[in-house]
Structure formats: structure tokens, C-alpha cells
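Encoded as C-alpha cells, here's the structure I'll be asking about.
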Amino acid sequence: VTTKIRAAVLHAINEPLVIEELELDDPRPDEVLVQIKAAGLCHSDLHYINGSLSRPLPTVPGHEAAGVVLACGSAVKSVRPGDHVVPLFVPQCGSCESCLSGRTNLCRYFGVPESEPRIFRAGEPVGRSSTLGTFATHALANERSLVKVRSDAPFNRIFYCGCGVTTGVGAAVFDAKVQPGSSVIVFGIGGIGLNVLQGARLAGASTIVAVDTNSEREAMARKFGATRFFNPATCDGDVAAALLALTEGGADYSFECIGNTAVVEQAFNACHPLWGRCTVVGVTPNGKMSSFNPQSFLMGRSISGSIFGGAKGRRDIPRMVDWYMDGIINIDDLVTHRIKLDQINEGFDMMRSGESIRAVIEF
Ligand code: CXF
Ligand code: ZN
């Protein structure tokens, strides 16, 4: 038995997604069938579409969503039909070395290729992003890739906790552990950078510099916590040098939220030479390199990266949803466009042009 679903399928790099009817297998004992209510368009999906990141094709992209449980496999314990859930592109099995260590949020099942296809197109297997594939009316998720959330929270807001909100807020709060009174520079004021800004504000940073080549992003940046806006296009000299001056010696924390290897270098060089910590959040294209003078590590400046904001989904997403419901974080103003599944290609066009911050597909 299978469930007939409607999904957006990526058949070839740089071609529009095609909306098709596919067959989704029934849940195995450890799987859950989820009706997707809202799914966000994330820049990583665009990376798969344009080939900056690669995956076997054809595939159903999409990893940032919220929905309702329709059916559970016999071994599933943590959710039941009717529960509201957020799928997790970073699973949390709770029992692997990573999950038990307290040193990482990346469960051993993160990024592990699937052994068995779950989606079919006229009997032929179709892949899916992050063992999810949420650009579809329904998805199958392993129990470890699912978290139950409160049922009074709107799907078309909390879907964003499944990737962007948690990635950005978490990078500042959980990973970098921004301290009260500190200075922060955020490079790239989009769907992730704005969340890093509000995370830095939540953590009590006192100087928060937003950096973007699009000055139209200044108003949003300030609304989400920026105290200064800097457009590198208006600066003749070295961007890092200008930011070192602007922060009177370098930021305590910097965040790269674009995925540009040259900007990673600027973000590193703009933080304080003795204790500045640069966090790479943007996903740079496969194969591209940044370079650093190793002498600049000697005195204490450091760089590290962050996936999903250091969050463990089953532990931290319910808390993110509470923060939204309590007005501690703003999601409403980031969800700039509401679309239908068959408008998904226009949604990615708006992402490319910078017209949208987040577009959400409502089912
Ligand atoms: C990304 C996270 C880093 C690796 C590639 C995919 N996922 C979410 O947007
Ligand atoms: Zn994402």
C-alpha cells in the first residue's frame, strides 16, 4: 500500500522543479507519515537546484516544514496521529555517541545516505532531501527526525524553526554563546542573518553590526537588532579593516551567513585579534576554499562552523516554538511570501532576486 502524494521534483540541475504525483511507501515500524501543512524555501534547496551542493537525481527537495502526524509505524513512541510535528533535517536519535556526548548536535544519522527508497514515480525510485523531502503534500520521517510541538502554534510560522530560525538564533545563542554587552558582526542579512541578529540581541549584545551589499536590508536589520548597518559596496578599502575600526579593535563575535568564501575571510579578519570568534553559518559551494594567515590564530582569534545552530531538534525546537509564541523571537516579519506548491519555481526566483526573505508553501 502507498500514499499518493503531490510533490515538487528536481530532475536536472538548473531546471525548474516539476510538480508530479508520486507514491510514498507506508511507514516502516520506526517511521511516521506526516501531512505537510507548511514548507519553507531555504537557500540550501537552491544550492541543490543550481548544483552548488549535489545529490543524486531525481529528488524531492525541502527540509524545513511543519505538519500533522497521520500514521505511525508499530515501534514509534514519541508521537501519535494528530500530533503537530516539525521534521528534523538533523536527526536526534538520542542514543548514538554524538547524541550522548554533549559535544555536538550532529547525530550519527545526519547526512547518512538512505539504504532503501521511500518515494516512487511510476514504480521508479525518487530520492529526497535530508531523508525528508518536504516539498510534498506528505512525507515519511523516521521518528528520530521528528519532534512534537504544541498544537496552538501556527504551521506557517513554526515551519521556519525546522531550519532557518533555529540555525540563526542558535548560532548566536547555543554555538557562539554571545555574551551580554559584547559586539557582534553579521555578514549577510537574509533569512539566516536576520535570525542571527535577533539571537545576538536576545543574548544581550550591545553593538550589533549588520553587513550587506543591499542597503534595502538596513530597515529589516535594525528591526531585528542591528545597531549599525555597513554596506561593503560603499567602502573603497579593505572591508575587514573598516569593520575593525568601526568596532574599535574587532568584534567579539562574527558570523558569515552567506556562504561566500571571500566573505568568510572578511568575517574572520574582522573579529578581535585576541579573542574574536568567527562562526561560519553559510554553506560555501563545493570545492571552494578560503585562506587564512595561521599567525592570526596564535593570539587567540578562532573560527568554527555551525549546522542547525548547534540545536538538538527534539530538545530545542519546542523551546524555539515557545520563544515565538511568547514574543521573544519574531518570525512573522520574516515570512514575507505565502505561496502554493505549484508556485514553487516563482518562490525560488524571489529568493534569487532578493525580493523575499522567507517564502512558505501552504498546503
Ligand atoms: C544545510 C546545512 C549544512 C549542510 C547542507 C545543508 N541544511 C540546511 O539548510
Ligand atoms: Zn535549510
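Start at 1 with the first residue, then count along the sequence. All values reported here derive from a predicted model rather than from experimental measurement. As the structure lists them, so they are numbered: ligands from 1, and atoms in each ligand from 1.
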Spacing of OG1 belonging to Thr336 relative to CE belonging to Met350, to within rounding of 0.5 Å:
7.0 Å
Is the number of heavy atoms from other residues, nucleotides or ligands under 6.0 Å of Arg80 CZ greater than 12?
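Incorrect, the count does not exceed 12.
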Verify the neighbour count for atom CZ of Arg338: are there more than 12 heavy atoms of other residues, nucleotides or ligands below 6.0 Å?
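Counting other residues, nucleotides and ligands, CZ of Arg338 stays at 12 neighbours or fewer.
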Judged by atom type as modelled, is there a donor-acceptor pair below 3.5 Å linking the side chain of Thr166 to the main-chain atoms of Cys161?
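Yes, Thr166 side chain to Cys161 backbone: donor-acceptor pair under 3.5 Å.
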For Glu116, is the CD atom crowded, meaning more than 12 foreign heavy atoms sit under 6.0 Å from it?
yes
Confirm or rule out an N/O/S atom of His43, from backbone or side chain, lying less than 2.8 Å from the Zn ion (ligand 2).
no
Which of the ligand 1 atoms, numbered from 1, are nearer than 4.0 Å to a heavy atom of Cys42
9 (O)
What is the closest protein heavy atom to atom 5 (C) of ligand 1, and at what distance does it sit?
Leu53 CD1, 3.9 Å
Under 4.0 Å from a heavy atom of Cys163: which atoms of ligand 1 are those, numbered in the order shown and with their elements?
8 (C), 9 (O)
Using 30° and 60° as the class limits, which term best fits the ring planes of Phe89 and His63: parallel, tilted or perpendicular?
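It falls in the perpendicular class, over 60°.
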Atom 1 (C) of ligand 1: which protein heavy atom is closest, and how many Å away?
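Of the protein heavy atoms, Ser44 OG, 3.5 Å lies nearest.
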Under 4.0 Å from ligand 1, counting heavy atoms only, is it the side chain of Phe89, its backbone, both or neither?
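Side chain only.
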Pick one of side chain, backbone, both or neither for how His63 approaches ligand 1, counting any non-hydrogen atom pair under 4.0 Å.
side chain
